[in-house]
Amino acid sequence: MEKFEKLSGIAAPMPLVNIDTDMIIPKVFLKSIQRTGFGKNLFDEMRYNRDGTEVADFVLNKPQYRAAQILVAGDNFGCGSSREHAPWAISDFGIKCVISTSFADIFYNNCFKNGILPIVLPQEQVDVLMKDAEKGSNARMEVDLESQSITTSDGETFTFDVDSFKKHCLMNGLDDIGLTMENKSSIDSFEAKMSAERPWV
Amino acid sequence: MTAPKTIYDKIWDAHVAHESEDGTCLLYIDRHLVHEVTSPQAFEGLRMTGRGVRAPEKTIAVPDHNVPTTTDRASGVIENEESRIQVEALDKNAKEFGVHYYPVSDVRQGIVHIVGPEQGWTLPGMTVVCGDSHTATHGAFGALAHGIGTSEVEHVLATQTLIQKKSKNMKVEITGKLRPGVTAKDITLSVIGETGTGGGTGYVIEYCGEAIRDLSMEGRMTVCNMAIEGGARAGLIAPDEKTFEYCKGRPHAPKGAAWEQAVTYWKTLFTDDGAHFDKVVTIKGEDIAPVVTWGTSPEDVLPITANVPAPEDFKGGKVDAAKRALDYMGLTAGQKLTDIEIDTVFIGSCTNGRIEDLRAAAAILKGKKIKDGMRAMVVPGSGLVRAQAEEEGLADIFKDAGFEWRMAGCSMCLAMNPDQLAEGERCASTSNRNFEGRQGYKGRTHLVSPAMAAAAAITGRLTDVREMM
C-alpha cells in the first residue's frame, strides 16, 4: 500500500449530505475482478450524461477541480453498500484525503486499506474548509498526518483525531495481513481453546 | 463480580484472540460468507502472496448478486460477459481454496444472507462477516454480524480474524404490540426515520422490547438487515426459544449432545440487568404505521397516510438533499403519498425474500389481479424458499395475480443482473435502499413491506394495506 505522510493539493467541495457508495461507484462498474481502473467511473451518474458526455457543472468536471486530491464532503459520506470499489475509485481518480463531519463505518475502514486518509472534523471546521475549497485551484490545502493537522490556503490550521494503529499503518504503507500473521500463535491458541469450549462452531 | 454486560459485550469478549496495548483487537471470525462481487480481488490477493484460506470449513460461498433470475437460467450461460466472469471466478475460487459452495445449479443457492441461516451456518453467539453490508441480517440470531470491505475479506480468508476496535452499545426498544398491518419492515424503516442514516454510526444496536420478541425469526432478520441503513456496524437480538426452534435440525446446526451444550451456552447470551448503553431509542409499537419512503435515502420515511414533505421542512444539509431527492423522484411537496402512481413492484431481497414475506404478500393478492400494465415480480430469497412457496400454493397465487415467479438471487434490489428499472420507472420495492440509480439508472424506488408492495401492485399506486385487510 502507498504511504500517506503529507499532502498538499486542491480540495473539491461536495456539500451534499449522505453521499452513498452507489453514487460513488454505481453497480454497473462492480463487475470487474480487478482493483484498478475505477477512477474514470467515480461518481459516474452525477458526472456523465447518458451519452457519455460530461455534466459541465459537476464539481470534478470543472477545470479548477479536475486534479483535486482532497474532497470536502457533506455529513455521513460513504453510507450504504460495503463495496471497496468506492475507495478504489476515489484513489484511482487521484483523491487521497476525504474530509467530512462523519463517515459510514465500513467506508471509513476501507479507506485506510487503500492509502486514503478520511478526516472527521466538527461542522464549523468543515464549513471553513468547504469555503476554502470553493475558491478553486488557487487554494491548496495542506494535510499532515504526522502532526494530524490540516491547513487552509489562508493559513488557518485544524487538528484531527486518528486511531494510532491506523495512522501507523497508513504512514508506513503497511500490509495488515502481514501484521496479523505476526500474532499467529495467539490465533492458534484462541482457536484451540474455542474448539474445546464451543465445539459446535 | 464482573460488571453487567450487554449481549454485544459478551460476544465481543468471547472472540478477542489478541489485544494490543492501544485496544486494537484481533476478533476471531466464526463464519465467513462470500459472494461473487466482493471476493475476486481478495482471492487474487491470496494467490499473489502465496497465502491460503485458514479455515475453509468456516467459509461459505454462494453467487447471488449477478445471477439471472429467469426460469430458463439452468439451460443457458449468463449472457452478460462480465457477470459470467465474476460468477465463474467464484466457481473457480471456491474449488481451488476448498470452501463450502452452493453454485447456481444447486437448489439451495440463493441470497447469501438467506442461505446462511437456512442451512444452519448462522448460530447464536457467533461472529459472522461477509463482504456485504447486509450481513447485519444474521444479528437476528444473537450473532455479531457485519459487512466488511474486500481487503478485510482477504484478511479474514488468510487469518480468520479481523482487526477491530469495539463499537459503542445502543439500545433500540420497541415497546408493546404492533397494530394490524404493521410489520417488521415498518419497524426497521421507522427506526431509521427516527435516528437518521447516520444515527447508528459507531454503535452496535441491540433491538429489544415486546414488539421485537413477538416477531418471528424471519421478521427479526428483516429488522436487523437494515441496521446498516441506520449506520450501525451491526444490529442484534438476544436469542430465545424461537431462535433455538428455528436453528434446530438445520443441516449445519449441532446435533445430539452438542446441541444441548450449545443451547446451554446460547441461554447466557442476553444483556445483564444494569448493563450500560451509550445511546437509547424507545419507540412505542402502537405508534408505528405502515410506512413508505418518499426520497432517495432510507431515512426519508413517512406513514403511508402522510404527504410528500417540502425541503423547508428540514434543517442544515438536508434541505438541499431533500430538494435534490424530490427532483430525482419526480414528486411535489404536499402531494399525498397514496396518490403516487407506480409501474413496477419488486418482492424479494435479503430484507424481504423469506417465506413469511411471500406469505404476507400472497395473503393480500389471493384472488386478485395486479393493475393492467404493471410489471410485478417475486424473486424468492433462495431455491428452498421458492420450493416451499410452491408447496404452500403461494406461487400459484402470485402467478394468477399476474406476478412473474422468478428464481433466487439479489435481482432488482441492486440491479446487477438484467432485472432493472428503466429511466423514470417507479417501483414499490421490498428491498433496502432507495438510493439514486440503485434499481436502475434514474429509476425511482419506494421502500415498503411485502404486504404494502402487494397492495400497490393491485391498485397501481402507493396504498395503505390496511384498506385491503
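Here is how names work: the chains are called A, B, and so on, in the same order as the sequence lines, proteins then strands, and each is numbered from 1. Being a predicted model, the structure only gives us computed values, none of them experimental.
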Hey, is the main chain of Ser137(A) close enough, under 3.5 Å, to the side chain of Tyr65(A) for a donor-acceptor pair? no
Is a side-chain donor or acceptor of Thr49(B) paired with a backbone partner of Leu46(B) at a separation under 3.5 angstrom? yes
Between Lys193(A), Gln34(A), Glu197(A), which residue shows the highest count of heavy-atom pairs closer than 4.5 Å to chain B? Gln34(A)
Okay, Glu154(B) and chain A: the region with an atom under 4.5 Å from a heavy atom over there is both
Which of Arg51(B), Lys442(B), Glu36(B), Arg31(B) touches chain A most, by non-hydrogen pairs under 4.5 Å: Arg51(B)
Enclosure of Lys135(A) NZ (heavy-atom neighbours >12, cutoff 6.0 Å): yes
Taking the ring of His15(B) and the ring of Tyr28(B), is the distance between their centroids below 6.0 Å? no
Could you check which of Asp176(A), Val17(A), Ile177(A), Leu179(A) has the highest count of heavy-atom pairs closer than 4.5 Å to chain B? Ile177(A)
Please rank Asn432(B), Thr135(B), Asp132(B), Asp320(B) by heavy-atom pairs under 4.5 Å with chain A and give me the top one. Asp132(B)
Highest number of heavy-atom pairs under 4.5 Å with chain A among Thr38(B), Ile228(B), Asn80(B) belongs to Asn80(B)
In terms of heavy-atom proximity below 4.5 Å to chain A, should Lys58(B) be classed as side chain, backbone, both, or neither? side chain
Is it the side chain or the backbone of Ser81(A) that comes within 4.5 Å of chain B heavy atoms, both, or neither? both
Establish, yes or no, whether the cationic atom of Arg50(A) lies under 6.0 Å from the six-membered ring centre of Tyr441(B) and within 45° of the ring axis. yes
Against chain A, label Thr197(B) side chain, backbone, both or neither, depending on which of its atoms sit under 4.5 Å from a heavy atom there. both
Contact class of Met126(B) relative to chain A, heavy atoms under 4.5 angstrom: side chain
Answer yes or no: is there a side-chain heavy-atom contact under 4.5 Å between Ile99(A) and Met130(A)? no
